[in-house]
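Structure record follows, encoded as structure tokens.
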Amino acid sequence: MPDPHGASRARRRARCPFPWHGHRVRAAMAKVDPMSDVQTTPKEDEARDYSATLYLPKTEFPMRAGLPKREPGWIAKWADEQLYETLRADSRGREKFILHDGPPYANGHIHIGTALNKILKDFVVRSHQMLGYDANYVPGWDCHGLPIEWKVEENFRAQGRNKDAIPINEFRRECREFATHWLGVQSGEFQRLGVIGDFKDPYLTMSFLAEAQIARELMKFAVSEQLYRGSKPVMWSVVERTALAEAEVEYHDYQSDTVLVAFPVANVNTQAINAVRDNPSEPGSPEDDAIVTDLLEARIVIWTTTPWTLPGNRAIAYGPGISYGLYEVTEAPAENWAKPGELFVVADSLAEQVFKEARVDAYRRRDDVPAAVLAGVTARHPLHGKGYDFAVPLLAGDHVTDDAGTGFVHTAPGHGVEDFEVWMDNKRALEAAEIDATIPYTVGADGRYTREAPGFEGLAVITDEGKKGDANKTVIDALVAAGALIGRGRLKHQYPHSWRSKKPVIFRNTPQWFIAMDTDLGDGSTLRTRSLKAIGDTQFVPATGRNRLHGMIEHRPDWVVSRQRAWGVPITVFVHKETGDVLIDEVVNERIAAAFEAEGADAWFAEGAAERFLGAEHDAADYEKVDDILDVWFDSGSTHAFCLAKRPDLKWPADVYLEGSDQHRGWFHSSLLESCGTRGRAPYDTVITHGFTMAEDGRKMSKSLGNTVAPQDIIDQFGADILRLWVASQDYTDDQRIGPEILKGVADAYRKLRNSIRWMLGTLAHDEGEPLDAATAPELERLMLHRLAELDVEVREAYRKFDYGHVAHTLMTFANVELSAFYFDIRKDALYCDAPSSERRKAALAVVRTLFDALVGWLAPLLPFTMEEAWESRGHTRSIHREPFAAIDPAWRDDALAERWERVKKVRRVVTGALEVERRDKRIRSSLEAHPVVRIADDSLRAAVEAVHFDDVVITSAVTIEAGAPDESAFTLPEVPGVSVRIGKAEGKRCARSWKVSPDVGTDPRYPDLSPRDAAAMAEIDAGAA
RNA sequence: GGGCCUGUAGCUCAGGUGGUUAGAGCGUACGCCUGAUAAGCGUAAGGUCGAUGGUUCGAGUCCAUCCAGGCCCA
């Protein structure tokens, strides 16, 4: 049997031994305009090469994008032509759509999460610009704060200079320079991603204007009396005389004294017990009486590794889920601290261990002590009668465990975060019980006891050298003397140390500034109620963000806004030395703000600042100038105030805030509080959150696992548009994944899309701009216009809903399935071969042009580089980014037509299936060799097929449609009942130009090797060239 | 440990109010074309819908528990 396949291969090889030469030859030919390169005198002795007479795709738009190299060129071009400024001018007077930028922190290079964030913002901005808004984007940077201070401090240390020895404004100047450097770096990195915005005039939290406005905002809180001075324990390094953040602390082994201390029960409130009991209908049952009587004789045992905090003790915390017992010591050595007959309350699971440490030989459990009973217990301080005569309430705390200690936690609200929180949570109840909720300042900045630790004043907890002082020993001695100590020991454990001095740190109570969540603002609302209402008025994408933010605001404590730092906006407040009142004077406040606007916040720290700002009206000697720095969250929470509200090219409130979902705790949160406190509503209408970027396996990226992906690497290897397409093809509201396989997939998808655009460009090289007339266009063209009308609605809606995944998936599927594999494939014959005068060809060109304009526009927000390139390749000199989305006539929509074509496509599938069998069995190779005979039982279906050029639709040289029941021996598809297809060989000769097989080839004697259509086309071409 | 959230083919995603053999694109394999050519077309394979238990005539869809992962707290 002959092998036609092999033979044809052999023939090709014989013609050209170097197959790859073909590319060059064809490429060279493709550059020649077929219109001017027509052979006018066909030679009779050899077959004429008609390929030069076809309207083949012709374009300089390369198949391979070379994005990493070429993208910077587009950026330079946009800068040259001042695209951003032009867009603003273009859209002057339009409705504004404002996405307000959440400021990244100005230190270090951007990472993949930052890139995702900025790209998403760019999608929002560009798509709304093309939807017809004035979508102005002003990027911003967060410039103050600790991390920059650390770096600057490090730099000074490298020069052998200590932070304390540097004048504060010199230090601040260095911080400013550091931030300036990094925001410059990041600005370049953002622009490299294709982000468009006002990079020449961004907003900075350290600009003088911002610093002035931030101070103004803070002073608004002072004026409305939402700002108050309270206290809070902070980690304190005695050696360095400074507060430390958690990140500045490292844990090292440390030997601590441990003590078991007994607190005598002072009072048992049976009412309180009953209030907590499951069955309050049985108050004062005999059982309870027994416990109460016993308890009044008993002592509650605590265990601590910091005996020096006992003067600061104000409460005892117990675990509501822990089972406690009342124990009696029955045997103990003489002279033991815990003596036979004494009663102690401890957690059951820890009793054995506690009594062992207390050197008790034998004990017995007398009774249960339910948590409900403990709720009503008040104890006495072990140093009662020596200046510690207050009540020590028992408080429920979820932080209490029964895996170590006694099941009771000695609570000194000034010396621990959890202690502080339990204390504050119970503040109202304590005050109701007439217990003073004030937290004492028992230890000073020098690490020594103050007057508020009676009997121990002046003793050092930690010395200036970082060694243990006498505090522990003295306190323990006092406890022994009071008979309160029942055990002691030593423990080596991990204990926080300063990362600089490596010396141990302590928690000590310090004055701090708070913004009250629950102060009545005069209209019955509080910051909390206002914020919760504002959350209700805000739209969240995804919707779950509302719950998350609501839950946080609902339960958060007052906002601590003070930091004992150097680099930031100061808390510009004066406190009267005697009354402790905050000075409220608008004249002073305005003096401060005006000075900041002119000189920056450094003015607060300049010589004579207090006198300058207080002026003649107030005596500076009467006031304390607060030198604390504002929490940077207050800075960024105020961006709406100094950026949105101040810039005439923006508006307040913003349409959209868009950040990572971690910002529910951060920027969304602080902006909401700030804005509700000063303006009564949120600074945004919509909050969009994105998830986090994970490695390919769905796990967190980490340097140690080596699964990190840097945006710079992706840009260098693939280009920014690939990174952007990655962003667009993910559901950003959830966590995303990235890695080599995923990027390869994105690059593949990009290449396919790019090729479809390239083909359109090549085809449109022959477009002479014949106007589109939908009414007279062939059905197939009208079908494509119908789809455009549908897509127009779909794409615009998806952009309005910020659903970029939907845009990307829809458009890529459309380009692949309906264009490349269907419409383009079918219309190649008409577009390549039809005569210059062909209406069909002109209609197809007009539709391809319309498709191109629509697609390039729709994709421009996602792929700004590639679409600009495509747009320019069409000969446009005006950037695609200045265009609105293409105007699509809604009248193009024709559902009846589309429905008919859906059925035609089904029949097409049967034909394609039948052709595949023929190909597999080597009866045909190209579909143009086939002549399908299609038998259709259903009349309306047959009519639909007959109404179209079905041979074109299935890309065969001929087709026959028959009525009748399906031929069982022919090819059928179960999902398309009533249709059978038999494939015959197309009869006649192959047309040398169109390659279609037809008995009519040679009808025109002038072109014996052509079909009539091609002959007529050639006649026109030859005549035109003559 | 608490709050919020996620888990559908190798990859990226669809799957209103529970209803026949769970879909798409890409990728893969195979075939065709060689006039989109480091391209284009076709066909096919590929899923215990994270797991288990329950509600129901019927669950990817509802409930519970568990597992894995994420963010924020502790």
Side-chain angles (χ1 to χ4, degrees), chain A residues 5 8-9 12 19-20 22-23 26-27 29-30 34 49-59 63-64 398-399 401 417-418 421 542 544-552 554-556 660-666 669 689-694 696-700 725-726 728-731 733-737 739 741-763 805-806 808-810 812-817 820-822 824-825 828-829 831-833 909 912-913 915-920 922 924-928 955 974 993-995:
Chain A
H5 192 123
S8 96
R9 241 189 229 147
R12 270 209 307 279
W20 54 88
H23 300 297
R26 268 194 297 277
M29 286 196 313
D49 177 10
Y50 287 106
S51 58
T53 72
L54 297 168
Y55 296 104
L56 295 178
K58 189 183 76 172
T59 178
M63 196 142 71
R64 290 172 71 82
D398 289 330
H399 64 291
T401 61
V417 174
E418 285 168 333
E421 281 169 1
T544 52
R546 171 175 286 119
N547 283 340
R548 193 164 169 181
L549 190 54
H550 193 276
M552 284 173 184
E554 199 171 16
H555 297 117
R556 67 154 298 143
S661 60
D662 58 332
Q663 296 303 318
H664 286 108
R665 172 65 62 185
H669 192 115
T689 52
H690 61 252
F692 276 67
T693 304
M694 301 295 130
E696 211 154 54
D697 59 0
R699 305 177 74 95
K700 213 195 293 232
L725 190 57
W726 167 77
S729 54
Q730 306 260 334
D731 176 7
T733 63
D734 196 358
D735 290 342
Q736 320 86 39
R737 299 178 178 206
E741 189 189 343
I742 290 165
L743 281 167
K744 186 186 162 292
V746 174
D748 282 340
Y750 172 87
R751 208 171 300 136
K752 245 179 115 56
L753 182 66
R754 184 179 175 89
N755 264 307
S756 295
I757 285 166
R758 178 170 182 264
W759 182 86
M760 285 192 268
L761 278 167
T763 297
H806 190 74
H809 281 116
T810 302
M812 287 197 284
T813 302
F814 174 69
N816 291 330
V817 178
S820 186
F822 183 71
F824 295 166
D825 211 29
K828 277 179 202 170
D829 173 68
L831 284 164
Y832 295 177
C833 305
R909 275 199 287 279
T912 336
L915 288 170
E916 188 57 25
V917 174
E918 298 303 298
R919 243 194 295 268
R920 192 191 59 208
K922 309 285 183 203
I924 61 164
R925 294 199 297 270
S926 161
S927 61
L928 288 174
I955 316 177
R993 188 161 175 272
S994 68
W995 299 344

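No experiment lies behind these values; they were computed from the predicted model shown. Quick note on labels: first sequence line is chain A, next is B, and so on, each numbered from 1. Atom set for the values below is all heavy atoms of this structure, side chains included, hydrogens, waters and symmetry mates excluded.
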So what does [X] hit on the nucleic acid, given a heavy-atom distance under 4.0 Å: a base, only sugar-phosphate, or nothing?
{"X": "A:T689", "result": "nothing"}
{"X": "A:E916", "result": "base"}
{"X": "A:G698", "result": "sugar-phosphate"}
{"X": "A:S756", "result": "base"}
{"X": "A:W995", "result": "base"}
{"X": "A:H809", "result": "base"}
{"X": "A:D731", "result": "sugar-phosphate"}
{"X": "A:N755", "result": "base"}
{"X": "A:K828", "result": "base"}
{"X": "A:V417", "result": "nothing"}
{"X": "A:E696", "result": "nothing"}
{"X": "A:R993", "result": "base"}

In whole angstroms, how far is the [atom2] atom of [N] from the [atom1] atom of [X]?
{"X": "A:D735", "N": "B:C13", "atom1": "CG", "atom2": "P", "result": "11 Å"}
{"X": "A:F692", "N": "B:C4", "atom1": "CZ", "atom2": "P", "result": "18 Å"}
{"X": "A:D829", "N": "B:A36", "atom1": "CG", "atom2": "P", "result": "12 Å"}
{"X": "A:H806", "N": "B:G15", "atom1": "NE2", "atom2": "C1'", "result": "13 Å"}
{"X": "A:E741", "N": "B:U28", "atom1": "CD", "atom2": "P", "result": "11 Å"}
{"X": "A:W726", "N": "B:C11", "atom1": "CH2", "atom2": "C1'", "result": "14 Å"}
{"X": "A:L725", "N": "B:G25", "atom1": "CG", "atom2": "P", "result": "17 Å"}
{"X": "A:R758", "N": "B:A36", "atom1": "CZ", "atom2": "P", "result": "10 Å"}

[atom1] spacing across the pair [N] / [M], given as an integer number of angstrom:
{"N": "B:G15", "M": "B:U52", "atom1": "C1'", "value": "24 Å"}
{"N": "B:C41", "M": "B:G53", "atom1": "P", "value": "46 Å"}
{"N": "B:G3", "M": "B:A64", "atom1": "P", "value": "13 Å"}
{"N": "B:G23", "M": "B:A29", "atom1": "P", "value": "25 Å"}
{"N": "B:G19", "M": "B:A59", "atom1": "P", "value": "11 Å"}
{"N": "B:C67", "M": "B:G25", "atom1": "P", "value": "38 Å"}
{"N": "B:C63", "M": "B:G47", "atom1": "P", "value": "29 Å"}
{"N": "B:U8", "M": "B:A39", "atom1": "C1'", "value": "33 Å"}

Determine yes or no for a side-chain-to-main-chain donor-acceptor pair under 3.5 angstrom, with [X] supplying the side chain and [Y] the backbone.
{"X": "A:T59", "Y": "A:L761", "answer": "no"}
{"X": "A:E696", "Y": "A:I742", "answer": "yes"}
{"X": "A:D735", "Y": "A:G691", "answer": "no"}
{"X": "A:R919", "Y": "A:R925", "answer": "yes"}
{"X": "A:H550", "Y": "A:R546", "answer": "no"}
{"X": "A:S729", "Y": "A:W726", "answer": "yes"}

Options [options], nucleotide nearest the side-chain atoms of [X]:
{"X": "A:S51", "options": "B:C72, B:G27, B:G35", "result": "B:G35"}
{"X": "A:L54", "options": "B:C33, B:G35, B:A39", "result": "B:G35"}
{"X": "A:R548", "options": "B:G40, B:C71, B:A38", "result": "B:C71"}
{"X": "A:Y832", "options": "B:G35, B:U12, B:C26", "result": "B:G35"}
{"X": "A:A821", "options": "B:G35, B:C41, B:C5", "result": "B:C41"}
{"X": "A:N547", "options": "B:C72, B:C5, B:G35", "result": "B:C5"}
{"X": "A:T912", "options": "B:C5, B:G42, B:A74", "result": "B:G42"}
{"X": "A:S820", "options": "B:U37, B:G40, B:G25", "result": "B:G40"}

*Donor-acceptor pair (no angle test) under 3.5 Å: A:T763 side chain, B:A36 base*: no
*Got a donor-acceptor pair under 3.5 Å from the side chain of A:R920 to the base of B:C32?*
no
Please determine whether a side-chain nitrogen or oxygen atom of [X] lies at a distance below 4.0 Å from atom OP1 or OP2 of [N].
{"X": "A:R925", "N": "B:C33", "value": "yes"}
{"X": "A:S661", "N": "B:C5", "value": "no"}
{"X": "A:Y750", "N": "B:C26", "value": "no"}
{"X": "A:R919", "N": "B:C41", "value": "no"}
{"X": "A:K752", "N": "B:A36", "value": "no"}
{"X": "A:K922", "N": "B:C32", "value": "yes"}

*In terms of the nearest nucleotide of RNA chain B, which residue is placed more toward the 5' end: A:I757 or A:M694?*
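Looking at RNA chain B, the more 5' nearest nucleotide goes with A:I757.
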*Which residue, A:M812 or A:Q736, contacts RNA chain B at a nucleotide closer to its 5' end, judged by nearest heavy atom?*
A:Q736
*Can A:K744 and A:D748 be counted as an ion pair, charged N to O under 4.0 angstrom?*
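Salt bridge present between A:K744 and A:D748.
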*Does A:D662 pair with A:R665 as a salt bridge, N-O distance under 4.0 Å?*
no
*For A:T693, which of A:Q730, A:R737, A:Q736 qualifies under side-chain hydrogen bond (donor to acceptor under 3.5 Å, both in side chains)?*
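So the option named by the test is A:Q736.
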*Which pair of non-hydrogen atoms, one from A:M552 and one from A:H669, has the smallest distance, and what is that distance?*
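Closest approach of A:M552 to A:H669, heavy atoms only: CB-CE1, 3.9 Å.
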_Side-chain H-bond candidate by donor/acceptor type, A:T53 with A:R993, under 3.5 Å_ =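 Yes, side-chain donor-acceptor contact under 3.5 Å.
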_For RNA chain B, stems built from three or more consecutive Watson-Crick or G-U wobble pairs below 3.5 Å_ = B:1-7 with B:67-73, B:10-13 with B:23-26, B:28-32 with B:40-44, B:50-54 with B:62-66
*Could you walk me through whether A:H664 and A:T689 pass the side chain to side chain contact (heavy atoms under 4.5 Å, CB included) test, one step at a time?*
CA-CA 9 Å; A:H664 286 108; A:T689 52; 3.6 Å; yes
